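Note sheet for the following structure.
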Amino acid sequence: MEAWQQFYAGHGVDEMRQLSEVIRGTVWDALTEMGDEDPDATLANLTTPRHAKQGDLALPCFALAKTMKKSPQDIATDLARRVATVLTAIDGCSEVGSDGGFCNFYVDAQWLAGQTIRSILNDPDSVGHHRASSSLLIEHTSANPNGPFHVGRSRNAILGDTFVRMHRLAGDDVRAEYYVDDMGKQVGILAWSLANLDDDRVSEILAAEDMDEMPTHPHKEDHQRVRYYQAANLLKAVDPDVELGVTKLVQASEEADAEVLAIFESAYQPVLDGMLETLERLGIVFDSFTKESRFIVDGSVDVIMDRLSNSELHGTAENGAHYLELEDRGVQGKSTKFFYQRGDGSSLYATRDIAYHEWKWTEAQRLVNILGEDHRLQSKQVGIALDELDIRNPEVVFYAFTKLPDGKMSTRRGNVVYMDNLLDEACARATAIVKEMRGDLDSEELAKIGEAVGLSAVRYNIIRVSPEKGINFRWEDALSFDSDSAPFIMYSHARACSISRKLTTQGHDVKSLVANEVASGNWGGLSDTASALVKRIATFSEALDASIVNQRPNLFCSYLLSLATEYNRFYRDNHVLIDGEVNSQNLALSEAARILLSAGCSGLGIIPVESM
RNA sequence: GGGCGCGUGGCCCAGCUGGAUAAGGCGGCGGCUUCCUAAGCCGCAGAUCGCGGGUUCAAAUCCUGCCGCGCUCGCCA
């Protein structure tokens, strides 16, 4: 077990999990009686069956066949017989059976409803809390402030913000942090271009390469200044003076030259502000910004370099550059050396990153970094360096790139789809659809819902796929409002809201109806679809936790989609309002689902509108 | 060339700390609205889980070889 995974070894609160513990205990005893010498190993195979008819928990008995000299099915039958009386006598387990070599356990949906619906309705704010909370610093985005967000970069921001939200939903104390690269080559180029070029020159240079397109968002500085950045890059390729000028600036910044750092800041800050505006529209905000230069200015990078030189991995190159030899630490390839100090004594990006990590550990109990797959090696090198310095490693989430049909996105080359344009298009399309469906709403309401739907859809379409899987950007995929989408989930939530709203309009007191129902504790007569909904509801925290532990937001996406689907099925044949009469059992279920759908949406950055 | 990641129906994608009939969505075909939002629900068709070996009672899942795609191998960030 990785050290950080121990944070998850806490106690679950989900009833399903508690029940499974009870079942394990009883089965353990029975297995021992039956002659199983290692019941723990057998029980490790306890699974959740694929099909509802196979129960809610199942134990494969194949491995016991050899030692017990009986067929798996005979063992399963015997086991079921031994535990049936005890288990069905306890609350929560309605039936034990066996089939095809499995021993199947069925959860009592009535009991489960009593437990789980009550806790959700009584304490909706702690929904999703599943274990002891910890404080986290999640660093994400941290994009070079040289131009507008494009859809490739946005995967980091959306993924990162989703982790922030999921952790908060799980009860953690999270700080979202942006690491501002305020001293590298990229910013240097930007600063140089602003100091040495003007609008006409920029247009001229870009036009020569057929890149002189009118900015789609001229009022935003990120869209304006990226033209300077692109022009300077083009010029740099043909004019050595540019390289010289940039290098001079960058060197000065690395020596913590206050004047140059100030010039850099005035160059990038408006760009960064534009980028943050885009992110804010997506519901992504940061709690803190830390500048890279900070660790030069405060001298901590020098201390790091000093300490690294005492490492047994330390080496020195001919020109006085310092490195760690990582060959024996599992790094293979052409170069196994990790350089952390140039021949001239200055630091490198990765070195500052080490100082940054050391500082970050003073801020939180856990660190999470969201990084593109191009940072895999770098991250490994930094990790080994941290080991050498006795500094804990952070948790890292890597994601694969988003590609355009004609290749990798590049701000420098202008081969990009800007997030601002994607969001405009998504929200415009969504608004058009809402307008078509809801003739009763005024234009302000239409726009509000359209914006929520568009933004949520874009976010969902990015997080629904596993981070390590590459995405090929297609407009129709990015803008999809299909069944596997945020609007689908939002729609289910809006339905639940609609029911509650309707009752209130008719003069019913939803809260007290629900409170009375919960207090009565009578959950008899649940229909199949109601039972299925209850079971889905019961695994909310578990699904959230699994998504966090496995670092895969797409798992929680799937869960929430299933919850929405299950709610839709429930909705079909379990009416809350029947001929003006309220079925308060169905109301309680609907309300519990509404709370979970809303919380789940917030956890994924989907905006849970109450009407759509 | 070395390392890492990915490869699942026509398309997108889940499952990959091994377990029963590989889950969804799009597209295709066919149903369901006097009833709380049909952005919904139900059904049908469609899969040699990249290819070959191996381990196992059991492999999409683990090991191995190959093929394809991506990332990476800077005293750049």
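Convention: sequence-line order gives letters A, B, ...; per-chain numbering from 1. Note that this is a predicted model, so its numbers are computed, not measured.
- With rounding to whole Å, A:D477 atom CG is found 15 Å from B:G10 atom C1'.
- Residue A:S466 is in sugar-phosphate contact alone, with no base atom involved, counting any heavy-atom pair closer than 4.0 Å across all strands shown.
- Among the heavy atoms of the strands lying under 4.0 Å from A:Q378 is at least one base atom, whether or not backbone atoms are also near.
- Here A:A494 lies in heavy-atom contact (under 4.0 Å) with a base.
- Within 4.0 Å of A:S335, counting heavy atoms only, lie sugar-phosphate atoms of the nucleic acid but no base atom.
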Polar atoms only, N or O, under 3.5 Å: list the protein pairs with nucleotides 3-9 of chain B and their distances.
from, atom 1, to, atom 2, distance (Å)
B:G7, OP1, A:K469, NZ, 2.8

Intra- and inter-strand pairing of RNA chain B, written as dot-bracket with Watson-Crick and G-U pairs under 3.5 Å and | for the latter, reads (((((((..(((......[....))).(((((.......))))).....(((((..]....))))))))))))....
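- Every residue was checked against the side-chain hydrogen bond (donor to acceptor under 3.5 Å, both in side chains) condition with A:S253, not counting sequence neighbours, and none meets it.
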Nucleotides 56-60 of chain B: which of its N/O atoms have a protein N/O under 3.5 Å away?
from, atom 1, to, atom 2, distance (Å)
B:C57, OP1, A:K66, NZ, 2.8

Between the protein and nucleotides 41-43 of chain B, which nitrogen or oxygen pairs are less than 3.5 angstrom apart?
from, atom 1, to, atom 2, distance (Å)
B:C41, O3', A:R572, NH1, 3.2
B:C41, O2', A:R572, NH1, 2.1
B:C42, OP1, A:R569, NE, 2.5
B:C42, OP1, A:R569, NH2, 3.3

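- For the pair A:D440 and A:R438, the salt-bridge criterion is met [side-chain N within less than 4.0 Å of a carboxylate O].
- In this structure, A:N550 places its CG atom 9 Å from C1' of B:U17, rounding to the nearest Å.
- Residues of residues 345-354 of chain A that place a heavy atom closer than 4.0 Å to RNA chain B, in numerical order, are A:L348, A:Y349, A:R352.
- Nucleic acid contact for A:I578: none, since no nucleic acid atom lies under 4.0 Å from a heavy atom of the residue.
- Residues forming a side-chain hydrogen bond (donor to acceptor under 3.5 Å, both in side chains) with A:S293 (at least two apart in sequence, or on another chain): A:D182.
- A donor and an acceptor atom never sit less than 3.5 Å apart when one is taken from the side chain of A:D482 and the other from the base of B:C26.
- A:G152 and A:T402 get closest at one heavy-atom pair: CA-CB, 3.9 Å.
- For A:D181, there are no salt bridge (charged side-chain N to carboxylate O under 4.0 Å, His left out) partners, not counting sequence neighbours.
- Qualifying side-chain hydrogen bond (donor to acceptor under 3.5 Å, both in side chains) partners for A:R153, counting only residues two or more places apart in sequence or in other chains: A:N146.
- Residues A:Y356 and A:Y179 place their aromatic rings such that the two centres sit under 6.0 Å apart.
- Listed by chain and residue number, A:D36 satisfy the side-chain hydrogen bond (donor to acceptor under 3.5 Å, both in side chains) test with A:T42 (two or more places apart in sequence, or in another chain).
- Against RNA chain B, the stretch residues 52-60 of chain A makes heavy-atom approaches under 4.0 Å through A:Q54, A:A58, A:P60.
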Please tabulate the protein-to-nucleotide N/O contacts below 3.5 Å involving nucleotides 62-65 of chain B, giving atom names and distances.
none

